[in-house]
J.: 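Below you will find the structure I want to go over with you.
Order of the sequence lines sets the chain letters (A, B, ...), proteins ahead of strands, with each chain counted from 1. As a basis for the values below, the full set of heavy atoms in this structure was taken, side chains included, without hydrogen atoms, waters or symmetry mates.
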2 protein chains.
Amino acid sequence: MRSYGQYCALARALDVIGDRWSLLIVRELLGGGRRYNQLLEGLPGIATNLLADRLRQLETEGVLERDNEGRYALTAWGEGLREPLYDLARWAAPVVMARPAGEDSFRSEWLEHPIAIIYGGTDRRRPTMAVEVRSGERPMTIESSDGDIRVREGRHPAPDVVLSGPPDAILGLLAGFLDPALAEALGVEISGKAGRLRRLRPVLAHPSRSLDAATRAAARPKASAPR
Amino acid sequence: MRSYGQYCALARALDVIGDRWSLLIVRELLGGGRRYNQLLEGLPGIATNLLADRLRQLETEGVLERDNEGRYALTAWGEGLREPLYDLARWAAPVVMARPAGEDSFRSEWLEHPIAIIYGGTDRRRPTMAVEVRSGERPMTIESSDGDIRVREGRHPAPDVVLSGPPDAILGLLAGFLDPALAEALGVEISGKAGRLRRLRPVLAHPSRSLDAATRAAARPKASAPR
DNA sequence: CTGCATCCGGGCCGATACTG
DNA sequence: CAGTATCGGCCCGGATGCAG
């Protein structure tokens, strides 16, 4: 990308990570080092030459590097983008995530980030429990223990709750914006006791938006629900 | 811009503010409502049609609106971008602001943001004082009172210190990365007691970078100093 | 003077094909 | 598996025109 040519930290930051796709590449790498084809998989819509271009540029700028196995990984500086990106997501989410997912693509690995935002921090009042989520290609497991909540790939042998269906309704349910009945109306299949989800104490970013989110989501035609 | 088509808060945030120039328009509006031509002035290099396009898009997305006098101003949601943008700038600054300003453009109003970052928060130990800065078109005044530091346009009747010269060296001095002698070697004219600047207690983002910043800045040819 | 619209050359983007 | 090559089209940047 052409430089803005401004002596301003924001403009120069955008000279580094302002290109189309650059920040989404960083998002993919927040989960650890990835191979080229893994990145292609996690970035639906990107052209192969663009991915190669961006990787080269981000490497020369010092945001990422290739590890000894040829995989792409964030440098310490690149890892520092996590909080700015989460802040951007937190800013946008109340407005843009309330819109239905529609035809937008979804990768199950992306669950990690909204879950980290919804259940940020340690809260000892959280019970130990496991929730299995099936949305996207692979099953994912959300585990709560010692007040912390983590996400990992794969199934769980004895989950307390299993959720499957469209990602927007599942996230609405987990975030506490949708109650179980409404989530089911939007295509989520729930097995186990959905009521226990509340005890994970989601951090409600903007409670005033919850009604808005619910009504907008409800306006979505039910036909497009499961995927 | 074409949508990424991903159900991900970051991707959808970038659908809203990921276009070239969009975030810099937001930066300009963080200082309050601005007229079209003021924006053109604060965004050196932007084409008029692009400014018009971006303003329209950001307005329909709900990031900004036109006030009753026809000026462009951030909505409450748009104002929420301040912290994410400051975080991005804080992330980039230790690396990219250490590079000399060179031919990059600089507007004196931009001082507001780095000063807010350098002197973030209230610190009662700060003395009441005023620093006049002359870099860019207009003189700016930095005032410290009651532990807070603010920037405003215009001169000061009796400043404790006056700094004029290239913006990179002035900011390096204010941030505490350069001592007065080195700043003068880089083209800064100092009148008043530069030693008092330390008492404003800049928040050093990355002390480990300070040497790096000094040495890199020193590598700049002295010819390009004043502007 | 403000606030754009139009036109045009060049570069970036997106999709597909292809190669070591 | 990990990219490179190619090409149409759209976006960007700069200049200019013009209506209120």
Side-chain angles (χ1 to χ4, degrees), chain A residues 1-6 8 10-12 14-29 32-61 64-73 103-105, chain B residues 1-6 8 11 14-29 32-61 63-74 103-105 107 137:
Chain A
M1 172 193 275
R2 196 177 159 148
S3 166
Y4 285 108
Q6 301 185 357
C8 159
L10 177 61
R12 287 189 165 189
L14 294 173
D15 286 343
V16 175
I17 47 73
D19 280 293
R20 189 162 167 77
W21 293 107
S22 291
L23 284 183
L24 297 187
I25 291 172
V26 172
R27 174 195 71 194
E28 290 300 304
L29 294 178
R34 294 285 153 85
R35 303 201 153 277
Y36 188 87
N37 280 357
Q38 288 181 289
L39 290 172
L40 273 182
E41 171 68 18
L43 296 165
I46 197 173
T48 60
N49 56 348
L50 279 191
L51 177 57
D53 283 354
R54 294 297 178 272
L55 289 172
R56 258 192 300 270
Q57 188 204 345
L58 291 173
E59 187 178 1
T60 64
E61 296 280 7
L64 56 83
E65 60 196 351
R66 312 196 60 159
D67 66 15
N68 43 22
E69 289 166 9
R71 304 193 315 195
Y72 298 90
E103 299 301 312
D104 283 4
S105 53
Chain B
M1 173 192 274
R2 199 181 153 137
S3 166
Y4 286 108
Q6 300 185 0
C8 159
L14 294 173
D15 286 343
V16 175
I17 46 75
D19 280 293
R20 188 162 168 77
W21 293 107
S22 291
L23 284 184
L24 297 187
I25 291 172
V26 172
R27 175 196 70 192
E28 290 299 304
L29 294 178
R34 293 286 153 87
R35 302 204 152 276
Y36 187 87
N37 281 355
Q38 287 180 292
L39 290 172
L40 272 183
E41 171 67 18
L43 296 165
I46 197 174
T48 61
N49 56 347
L50 279 191
L51 177 56
D53 282 353
R54 295 296 178 272
L55 289 171
R56 258 193 300 271
Q57 189 204 345
L58 291 172
E59 186 179 0
T60 65
E61 297 280 8
V63 175
L64 56 84
E65 61 196 349
R66 312 194 62 160
D67 65 15
N68 42 24
E69 289 165 10
R71 303 192 317 197
Y72 297 91
L74 294 176
E103 298 302 311
D104 283 4
S105 52
R107 296 284 182 268
E137 329 68 57

J.: Grab the CD-P distance between A:Glu41 and D:dA2 for me, whole Å please.
T.: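 Roughly 13 Å, once rounded to whole Å.
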J.: Counting only side-chain N and O atoms of B:Arg2, is one of them less than 4.0 Å from OP1 or OP2 of C:dC12?
T.: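 So the side chain of B:Arg2 is outside the cut-off, no N or O lying under 4.0 Å from OP1 or OP2 of C:dC12.
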J.: Looking across every strand, which nucleic acid part, if any, lies under 4.0 Å from A:Arg71 by heavy atom: base, sugar-phosphate, or nothing?
T.: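 Result for A:Arg71 = nothing.
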J.: Under 4.0 Å from OP1 or OP2 of D:dT4: is there any side-chain N or O of A:Arg56 that close?
T.: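 Yes, A:Arg56 has a side-chain N/O under 4.0 Å of OP1/OP2 on D:dT4.
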J.: Quick one: label B:Gly45 by what it contacts on the DNA or RNA (base, sugar-phosphate, nothing), any heavy atom closer than 4.0 Å.
T.: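 Here B:Gly45 touches the backbone only, sparing every base.
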J.: How long is the line joining CG of B:Leu51 and C1' of C:dC4, in whole Å?
T.: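 Answer to the nearest Å: 9 Å.
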J.: Just the rounded figure in Å: distance from P of C:dT2 to CD of B:Gln38.
T.: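 For the pair B:Gln38 CD and C:dT2 P, the rounded distance is 9 Å.
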J.: Ignoring backbone atoms, test whether B:Trp21 places a side-chain nitrogen or oxygen under 4.0 Å from the OP1 or OP2 oxygen of D:dG13.
T.: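 True: B:Trp21 side-chain N/O within range (under 4.0 Å) of D:dG13 OP1/OP2.
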J.: Between C:dC13 atom C1' and B:Tyr4 atom OH, what is the distance in whole Å?
T.: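 To the nearest whole Å, that distance equals 11 Å.
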J.: Specify the separation, in whole Å, of atom CD of A:Gln57 and atom P of C:dC12.
T.: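 After rounding, the reported distance stands at 11 Å.
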J.: Using a 4.0 Å heavy-atom cut-off across all strands, classify B:Ala52 as base, sugar-phosphate, or nothing.
T.: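 Here B:Ala52 touches the backbone only, sparing every base.
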J.: Check the phosphate of D:dG3 against A:Tyr72, side-chain N and O only, distance under 4.0 Å to OP1 or OP2. Yes or no?
T.: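 The answer is yes; a side-chain N or O of A:Tyr72 sits under 4.0 Å from OP1 or OP2.
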J.: Could you state the atom-to-atom distance from CZ of A:Arg35 to P of D:dG3 in whole Å?
T.: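 In whole Å, D:dG3 P lies 10 Å from A:Arg35 CZ.
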J.: Using the side chain to side chain donor-acceptor pair (under 3.5 Å) rule, take B:Arg66 and B:Tyr72 through it: C-alpha gap first, then chi angles, then the decisive distance, then the call.
T.: CA-CA 5 Å; B:Arg66 312 194 62 160; B:Tyr72 297 91; 3.1 Å; yes
J.: Side-chain N or O of A:Arg20 less than 4.0 angstrom from OP1 or OP2 on D:dC11?
T.: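 For A:Arg20, the contact criterion (side-chain N or O under 4.0 Å from OP1 or OP2 of D:dC11) is not met.
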J.: With DNA chain C as reference, determine whether B:Tyr36 or B:Asn49 sits nearer its 5' end, using the nearest nucleotide of each.
T.: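 Looking at DNA chain C, the more 5' nearest nucleotide goes with B:Tyr36.
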J.: When you measure from the centre of the six-membered ring of A:Tyr4, is the NZ or CZ of B:Arg20 under 6.0 Å away and within 45° of the axis?
T.: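 Geometry flag: set, cation within 6.0 Å and 45°.
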J.: If each of A:Leu40 and B:Asp19 is mapped to the nucleotide of DNA chain D with the nearest heavy atom, which maps nearer the 5' terminus, i.e. the 5' end?
T.: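 Result: A:Leu40.
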